[in-house]
Amino acid sequence: MTARVNHFKTVPTLVKAMYDLSMNVSNVSLETSLKHLVDLRASQLNQCAFCVDMHVKEAKLHGERELRLHHVAIWRESPLFTAKEKAALALTEALTRLGDHGIDEALYSEVRAHFSEVETSELTFCIAVINTWNRLMVLSQMTPGALDSAYGLDRADLR
């Protein structure tokens with residue numbers, strides 16, 4: 001895979017704005033482990049190699065169990081996720097693959113059974129941000145692991 005456009009160099013002001021939004025979203029009230037699952041699942045769906053690589057490493061550094069990371073792709077069948085995590089993953093999939101009919105009432109009700117109105121908004125922003133990063137990285141074809149040392153992800157000791 002060869003890198004295409006480097007957004008970090010071509011539009012640094014916009015990347016900085018996106019990074020600032022990401023930092024604000026990372027400080028919401030949702031559990032860090034939940035945000036990692038959302039980031040990983042959206043990145044898988046969007047086939048963003050750079051982001052899948054990055055979010056696996058981040059999750060591991062924050063103590064996520066490796067088996068759960070492997071099970072994100074099969075979360076519906078896996079017994080390793082809570083009902084709350086499954087609701088978040090379902091919303092992640094629905095917003096990432098937004099269909100002609102939006103989000104149905106059954107899914108919205110399931111999400112609201114586990115998340116307050118504020119948490120639902122926070123979760124929606126988490127999903128929106130990772131989807132934007134995925135699209136930027138998919139177009140650029142940034143090499144997975146290319147920024148590991150800059151972000152401290154080499155400490156994950158995954159090769």
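Residues V28 and K35 share a closest heavy-atom pair of O-NZ, 3.8 Å. When all heavy atoms are compared, the tightest approach of K86 to W75 is CE-O, 3.2 Å. For L34 against A88, the heavy-atom pair with the smallest separation is CD1-CB, 3.5 Å. Closest of all the heavy-atom pairs between A87 and L107 is O-CD1, 4.5 Å. Between S140 and V5 the shortest heavy-atom distance is CB-O, 3.0 Å. Contact detail for R135 and T96: the closest heavy-atom pair is NH2-O, 3.9 Å.
With values rounded to the nearest 0.5 angstrom, R41 atom CZ is found 9.0 Å from T92 atom OG1. Atoms OG and CD1, on S109 and I103 in that order, are 12.0 Å from each other to the nearest 0.5 Å. Here the straight-line distance linking atom OG1 of T82 with atom CG of L89 works out to 9.0 Å at 0.5 Å rounding. Here CG of L69 is found 9.5 Å from NZ of K60. Values are rounded to the nearest 0.5 Å. The CG atom of L91 sits 10.5 Å away from the SG atom of C126 when rounded to the nearest 0.5 Å. One finds the CD atom of E64 at 12.5 Å from the CD atom of E58 (value rounded to the nearest 0.5 Å).
Using the six-membered ring where Trp is involved, W133 and F8 have ring planes that are parallel, under 30° apart on the 30 and 60° scheme.
Judged as a side chain to side chain donor-acceptor pair (under 3.5 Å), and not counting sequence neighbours, the contacts of K16 are D20. Listed by chain and number, the residues in a side chain to side chain donor-acceptor pair (under 3.5 Å) with R65 amount to none (sequence neighbours excluded).
Residues V25 and M137 share a single hydrophobic cluster, defined by chaining ILVMFWY side chains whose heavy atoms lie under 4.5 Å apart. Residues F125 and L45 do not share a hydrophobic cluster, clusters being chains of Ile/Leu/Val/Met/Phe/Trp/Tyr side chains in contact below 4.5 Å. L14 and L21 fall within a single hydrophobic cluster, where Ile, Leu, Val, Met, Phe, Trp and Tyr side chains are chained together by heavy-atom contacts under 4.5 Å. No path of Ile, Leu, Val, Met, Phe, Trp and Tyr side chains, each step under 4.5 Å between heavy atoms, connects V118 with L95, placing them in separate hydrophobic clusters. Linking Ile, Leu, Val, Met, Phe, Trp and Tyr whenever their side-chain heavy atoms come within less than 4.5 Å leaves V38 and V129 in two separate clusters.
For the 3.5 Å distance criterion, the side chains of H70 and E66 fail to qualify, holding no donor opposite an acceptor. Using modelled atom types and a 3.5 Å distance limit, the side chains of H36 and H62 yield a donor-acceptor pair.
No donor-acceptor pair under 3.5 Å is formed between the side chain of S78 and the backbone N or O of I74. In this structure, the side chain of H7 engages the main chain of L136 through a donor-acceptor pair within 3.5 Å. Checked by atom type and distance alone, the side chain of N131 pairs as donor or acceptor with a backbone atom of I127 at under 3.5 Å.
Between F81 and V72, some side-chain heavy-atom pair lies under the 4.5 Å cut-off. Contact check for H55 versus I130: side-chain heavy atoms found under the 4.5 Å cut-off. The shortest distance between side-chain heavy atoms of E31 and E85 does not fall below 4.5 Å. Residues R4 and L139 are in side-chain contact: their nearest non-hydrogen atoms beyond the backbone lie under 4.5 Å apart. Counting heavy atoms from C-beta outward, E93 and R76 have side chains that approach closer than 4.5 Å. You'll find the side chain of F50 reaches within 4.5 Å of the side chain of M54, heavy atoms only. Using a 4.5 Å heavy-atom cutoff, the side chains of F115 and L123 are in contact. At a threshold of 4.5 Å between non-hydrogen side-chain atoms, the residues R68 and L37 count as touching.
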